[in-house]
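Here's the structure, in structure tokens; my notes come after.
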Protein chains: 2
Amino acid sequence: MDARKKRILGILIDDYIASAEPVGSRTLAKKYDLGISSATIRNEMADLEELGYLEQPHTSAGRVPSDRGYRYYVDELMPKRYITNDAVSRVRMAFQAPMREIAWFIHQTARMVSEMTGYPSMVVAPPVLEARLAEIRVLRLQPGTLLFLVSTDAGVVENRVVSVPEELSVDGLGALAQEFSREFHGIPIHELKDRILDPLAHDAERYRGLWGTLGGWMAEWNLYEDRVTLAGPLSILQYPEFRDIDKVQRVLGFLEREDAVEELLKAAASSTESVQVMIGQESSVEAIWDCSVVTATYQVRSHVVGQVSVIGPKRMHYAQVVATLELVSEELSRALKWA
Amino acid sequence: MDARKKRILGILIDDYIASAEPVGSRTLAKKYDLGISSATIRNEMADLEELGYLEQPHTSAGRVPSDRGYRYYVDELMPKRYITNDAVSRVRMAFQAPMREIAWFIHQTARMVSEMTGYPSMVVAPPVLEARLAEIRVLRLQPGTLLFLVSTDAGVVENRVVSVPEELSVDGLGALAQEFSREFHGIPIHELKDRILDPLAHDAERYRGLWGTLGGWMAEWNLYEDRVTLAGPLSILQYPEFRDIDKVQRVLGFLEREDAVEELLKAAASSTESVQVMIGQESSVEAIWDCSVVTATYQVRSHVVGQVSVIGPKRMHYAQVVATLELVSEELSRALKWA
DNA sequence: AATTAGCACTCTGATATCTCGAGTGCTAAT
DNA sequence: ATTAGCACTCGAGATATCAGAGTGCTAATT
């Protein structure tokens, strides 16, 4: 793999990313000043195909990068730090808004990333269920209506309005909540349900029913919570590779399935790299085998708590996407550091 | 418009709704036992076309209902109360879950309706901004973190976690919130911002900054809130009229725009009818001129507070959709009556 | 030895042409 | 008023044709 091959491969992929048309030797020679003839390029391209970096849609078409070609491009060839000053200041600006819930930042991030890159964006929120209980409070809003407040070590506060029979006495409830908080401080949320429901764990028999409901609610917590936020799914429709309804249906159908997306992104982000690229069949999900997914992680107190991600055709503008995600995930971590 | 014409029109539309193929006289005569020959049907169909109820895609194709034809079908011909016992019990079941926030019901409703009908469903949530303030509370969660609780006459409770400078004294904040609640009780939320920001409205100079931020937050409230919940948008992809990407893009693009959808549904639901059908060009939104929209309203304390809606091809299964929405909106109203 | 010009060959996509069949409208018979 | 019969229309799909872009190979050139 000499320098010239690299050069040709790089230019070819750039061109294909921009044009979506198979690239031929003639076009390449004419359009870019390579100082060699189309015949030479032809030979090099034949070599690159043999090496597995390019493929031909059919005999007499130009070449198209293979998954392996994209991989090489992403790892070795593409320009780094491909980002404008405008983008940087925009992201900084967006995260400067103070006094916001985490959910707000998550939505904001997804929307912004999708808009900046032109691809759908998915953001995985910090997992509530793995957070540890800090405090639980009960407030009486009106007769028959209670508000439960749960704060965790991740600083996340979740709350639910709960209606209960009006005749339920809530006098000692505050005290009970306090006691409860003390007892279960530091327990992961997902363990709470069982603890709460375990009749031996506390002796306040007359509150059993209420705590039971609370436990049930917590059990469903992660079902109801938006763990994955999806923004701009329709942007894929603008790309010629998605003129085919069935393909669109496959991909968007996958994106709609929060659990599946969450699983994919979490797996992707186990890597040590701050930004990871998954190309075509590298993904475990068949539905997106002709897409690429770029994923970055973000942290709270130097623990990875979530992912920011972009999905698009394999013919994706990797340089810009990677740079954008690097920036955004960094700024998001910074914005969440108070949490 | 004699009985036979009605019969033919009804059957033709039923057939077209089921098959998506233009219906010819021959097919009609063969498939259904009308007791008359295809020639007679042909004549009747020609009349129906002249009357504006049918149209021909091209000279030698079968007939297809016009907007007017669908309208007549919906108003006069279609079977009423087209619903199964299964559906009824399913809906009842779904709304039996107690102890839920309004937002939960809204999501639940949208999902369920989309699944039951096979079309995308949109649900407009009760407008927070028009609700009147009942009470505002401030809680200190941790140093530097406050929780604002706002309850309204609609029983809706909204809350936001707000981080403030740690050094801010929150001692008198509870009292201030109480005083505030007393003073502004019954004021619509959307007026609160100005009131709060008006320096004459209260004299607690040292809290000005905090209330100011609170006001700013309230101003953005409705921007951040999900006022419209969309479920199952991709279900339209299964219908042959949406094989065309551009059409899909138009329609889904519209559905993504919460404000536009909200406006449309609110306008639609000004009607006195409990369920309203908007067919094709009857809609003010050009992007959905080849769709139909069915909308029902739901109430809290016999005030209309929101809409439940379904969108699909004009060739929609109106009978089932109307019946489903009737049922769902009724049950949703019932479920929300405690609010 | 590497590069390039030249050329025959291949394949696709666009365009044109043809055919078939479903459906119509009209007329004349019932 | 209904229906059988028939000529006519139009589109969808199949088939044929053609131009163009691209390739691989060979022989000439540097």
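Every chain is numbered from 1, with letters handed out A, B, ... down the list of sequences.
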I'd like to know whether B/Arg71 forms a salt bridge (Lys or Arg N to Asp or Glu O under 4.0 Å) with B/Asp75, so could you lay out the CA-CA distance, the side-chain angles of the two residues, the decisive distance to 0.1 Å, and finally the verdict. CA-CA 6 Å; B/Arg71 167 55 58 198; B/Asp75 290 342; 3.2 Å; yes
Nucleotide opposite D/dG13 in a Watson-Crick or G-U pair, distances under 3.5 Å: C/dC18
As its Watson-Crick or G-U partner within any shown strand, both distances under 3.5 Å, C/dT10 has D/dA21
Return the value, rounded to whole Å, for the distance between atom CD of A/Glu21 and atom P of D/dG20. 17 Å
Look through every strand shown and name the nucleotide pairing with D/dA27 as Watson-Crick or G-U wobble, where both distances are under 3.5 Å. C/dT4
In whole Å, what is the span from the CD atom of B/Glu44 to the P atom of D/dA1? 11 Å
Worked check of salt bridge (Lys or Arg N to Asp or Glu O under 4.0 Å) between A/Arg111 and A/Glu115: CA-CA 6 Å; A/Arg111 244 196 311 260; A/Glu115 206 181 292; over 6 Å; no
A/Arg63 side-chain N/O to D/dT23 phosphate OP1/OP2 under 4.0 Å: yes
Proximal nucleotide (of C/dA5, C/dT24, D/dT3) relative to the B/Asn43 side chain: D/dT3
Euclidean distance, atom NZ of residue B/Lys31 to atom P of C/dG23 [Å, nearest integer]: 11 Å
Whole angstroms only, please: what is the CD1-P distance between A/Ile36 and C/dA1? 20 Å
Indicate whether the side chain of A/Thr27 and that of A/Tyr32 have a donor and an acceptor atom separated by less than 3.5 Å. no
Take the protein atom CG of B/Asp15 and the nucleotide atom P of C/dA22, then report the distance between them rounded to whole Å. 16 Å
Would you kindly give the CE-to-C1' distance between B/Met45 and C/dG23, to the nearest whole Å? 9 Å
Can you tell me if B/Thr27 touches the phosphate of C/dG23, counting only side-chain N or O atoms and a distance under 4.0 Å to OP1 or OP2? yes
Can you list the steps and then say if A/Phe242 with A/Cys291 is a side-chain contact (heavy atoms from CB on, under 4.5 Å)? CA-CA 10 Å; A/Phe242 293 99; A/Cys291 295; 3.8 Å; yes
B/Thr59 side-chain N/O to D/dC8 phosphate OP1/OP2 under 4.0 Å: no
Whether A/Ser283 side chain and A/Gly280 backbone form a donor-acceptor pair below 3.5 Å: no
Under 4.0 Å between a side-chain N/O of B/Thr40 and OP1 or OP2 of D/dT3, yes or no? yes
Of A/His58 and B/Gln56, whose nearest nucleotide on DNA chain C comes first from the 5' end? A/His58
Most 5' of A/Arg26 and B/Gly35 on DNA chain D, judged by nearest nucleotide: B/Gly35
Over how many whole Å does the gap from B/Glu55 atom CD to C/dG23 atom C1' extend? 17 Å
Examine B/Tyr82 together with B/His317 and report whether their ring centres are nearer than 6.0 Å. yes
Taking C/dC11, D/dA4, D/dG24 as options, the one with an atom nearest any side-chain atom of A/Ala46 is D/dG24
Should A/Arg42 be listed as having a side-chain N or O under 4.0 Å from OP1 or OP2 of C/dG6? no
Please determine whether any donor N or O and acceptor N or O are separated by less than 3.5 Å between the side chain of B/Ser60 and the base of D/dT9. yes
Can a side chain N or O of A/Arg4 be found less than 4.0 Å away from OP1 or OP2 on C/dT3? yes
side-chain N/O A/Ser38 vs D/dG22 OP1/OP2, d < 4.0 Å: no
Output the rounded distance in Å from CG (A/Asp47) to P (D/dT23). 13 Å
